[in-house]
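What you see below is based on every heavy atom in this structure, not just the backbone, and it leaves out hydrogens, waters and symmetry mates. Residue numbers start from 1 in every chain, and the chains themselves are labelled A, B, ... in the order their sequence lines are given, proteins ahead of strands.
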Amino acid sequence: MTPLAAILVRDMRLSVRVGGGALMGVLFFVTVVTLMPFALGPDLVLLKRIGPAILWLAALLASLLALDRLFAADHDDGSLDLILMGRMPLELVVAAKALAHWLTTGLPLIVAAPLIGLLLDLDAPAEGALVLTLIAGTPALTFIGLVGAAIAVTLRRGGLLLAVIVLPLTVPVLIFGVAAANAAVGGTVPFGTPFTVLCALSLASSAVGPFAAAAALRQEME
Amino acid sequence: MAIINLANPSRFLALATRTIPWLGGLTLLVFAFAINQAMSAPDDYQQGATVKIMFLHVPGAWLGMLGWLVMTVAALGTLVWRHPLADVVAKAAAPIGAAFTLMCLVTGSLWGRPMWGTYWVWDARLTSMLVLFLLYLGVIAVWRTVEDPSRAARAAAILALVGALDLPIIKFSVDWWNTLHQGSSIFRMGGPTIDPSILIPLLIMALAFTLLFATLLLAATRNEILRRRVRAMRLMQASAAA
Amino acid sequence: MLAANHLGYIVAAYVAAVVVVGALVGWVTLDYRILRRTLADLERRGFSRRSGSSAAAHAGPALKKAREDA
């Protein structure tokens, strides 16, 4: 097994075991979406209209939830020092960890989204568009959050700081994610326009994120 | 050569102490002239007298963006050149940039009430400035959370660079989002051209505010250097007592 | 001349600007004064920044780090 695959498998194992954050994210996601009708009222017409927005917002918050442990746990038990001293390029290791994080927190959200979408009266095209936009957009959330997690790694109250610095940076992802999901069920914009930009955001952040995160880790652990 | 000399904090302090009174005086002079010009500027045919708010709003927006630019250059100074002055300048620039962004938001809101009939409109420009303000608060939060100053500088520098990359994207996406939701241009202020009778006072006002920004940045940088000295001496005191 | 109907908003905007600028200037000057006083106080108590005294010799890495920061 190559070192990168080893890190990927290790991170995924850790996050599904006791104390890992994988299922926590989905649970949080489902809870937030369930709370929405209590705040907005049980009007299915309204919920159907703003359903994609609710689900996207919940996904954004849920993907932040497990991020603060992404490097902090490795920092606590010393394995981050080993990774930094290792021969693998730090950028690749960081990217592998991001992939593991996405597979264990992003992917379950995408699976749960259509199920919870039923509660908001989303019909088949809306469900399909929502899943598609989440697949295209959640990697961007992970890679942007990666930088925040690397900046906040050595802090005691890193989780709060992480949310404060990462959320404003995710504005474009939220805009184009929700716009694409809405465009699929009607509206003036063709689905392709926002969806293409969403894909571009994911690709760009996956190109920049690992380098910025690796730089932050090197600077902080110096 | 000059930049290398300024790497010595004592030399920078001496220069700053000599420069600040002159720069401050010049700022006051230009401000007096700018306010005089702004007050005697004619009313806009569409906006009426509220165009006077623009003399504050536009410089606020400009300095809010200039503040992030200063932080970006300082971030490069911290990460690439390891210039000792870069850390302190970056730390000093964050609250100043945030304050001018806030000034832009508040004056924009007060302009919007008589013009748009509401204090806040999710107008593309206002919304971008709001996100910029939140990003400033994030940077300040980093400075306030990390105890070791040089480590805080590096964390804040990376955030400043990532923000500099993301800000144009945020601007673009907010513009796109705004046209998607409004589709009309009645909320655009001014027009493609601004009459010279408004533009010239506006430029003078922007110059005055820029001088103010420079003075404040210099003074705040001096304060940060002094704060580091105090910290160093306190640590010495503590280790001497131990 | 200023239109009376919107005068309140214009005045409010200028007051807001004065408050923001005043807060910045006040922060910078007060901060400077407090820092100068603290520095003078510390120096009076015999802690010079570059003292080569025994205190410095016994100081640990924290001191070295602090010196670099200063």
**Student:** Do A:P172 and B:F172 have side chains that get closer than 4.5 Å, going by heavy atoms?
**Tutor:** no
**Student:** Return all side-chain donor-acceptor pairs below 3.5 angstrom for residues 58-73 of chain B, not counting sequence neighbours, or 'none' if the list is empty.
**Tutor:**
unit_1	atom_1	unit_2	atom_2	d
B:W62	NE1	B:T210	OG1	3.0
B:W68	NE1	B:A160	O	3.0
B:T72	OG1	B:W68	O	2.7

**Student:** By a 4.5 Å heavy-atom criterion (distance strictly below it), what part of A:V197 contacts chain B: side chain, backbone, both, or neither?
**Tutor:** side chain
**Student:** Contact part of B:L132 toward chain A, heavy-atom cut-off under 4.5 Å: side chain, backbone, both or neither?
**Tutor:** neither
**Student:** For the residue pair B:W177 and A:F176, is the inter-centroid distance of their aromatic rings smaller than 6.0 Å?
**Tutor:** no
**Student:** With only heavy atoms counted, which part of A:L201 is less than 4.5 Å from chain B, the side chain, the backbone, both or neither?
**Tutor:** side chain
**Student:** Are there residues of residues 213-224 of chain B whose heavy atoms fall under 4.5 Å of chain A's heavy atoms? If so, which?
**Tutor:** none
**Student:** So, taking the atom named CZ in A:R218 and the one named CD1 in B:I158, what distance separates them when rounded to the nearest 0.5 Å?
**Tutor:** 10.0 Å
**Student:** Counting a contact as any heavy-atom pair under 4.5 Å apart, which residues of residues 124-135 of chain A contact chain B?
**Tutor:** none
**Student:** Quick one: CG on A:L160 to OG1 on B:T145, what's the gap to the nearest 0.5 Å?
**Tutor:** 9.0 Å
**Student:** List the steps and the verdict of side chain to side chain contact (heavy atoms under 4.5 Å, CB included) for B:L159 and A:L169.
**Tutor:** CA-CA 10 Å; B:L159 184 57; A:L169 294 171; 4.3 Å; yes
**Student:** Do B:L137 and A:V164 come within less than 4.5 Å of each other through their side chains, counting heavy atoms only?
**Tutor:** no
**Student:** Could you please spell out the steps behind the side chain to side chain contact (heavy atoms under 4.5 Å, CB included) verdict for B:V142 and A:I165?
**Tutor:** CA-CA 8 Å; B:V142 170; A:I165 62 180; 4.0 Å; yes
**Student:** Distance from B:D166 atom CG to A:S205 atom OG, nearest 0.5 Å?
**Tutor:** 9.0 Å
**Student:** Answer yes or no: does atom CZ of A:R49 have more than 12 heavy-atom neighbours from other residues, nucleotides or ligands under 6.0 Å?
**Tutor:** no
**Student:** Tell me, for A:V178 versus chain B, whether the close heavy atoms (under 4.5 Å) come from the side chain, the backbone, both or neither.
**Tutor:** neither
**Student:** For A:D123, enumerate each residue passing the salt bridge (Lys or Arg N to Asp or Glu O under 4.0 Å) test, keeping only those at least two apart in sequence or located in another chain.
**Tutor:** A:K48
**Student:** Please report the shortest heavy-atom distance between B:I170 and A:P168, naming the atom on each side.
**Tutor:** CD1-O, 3.6 Å
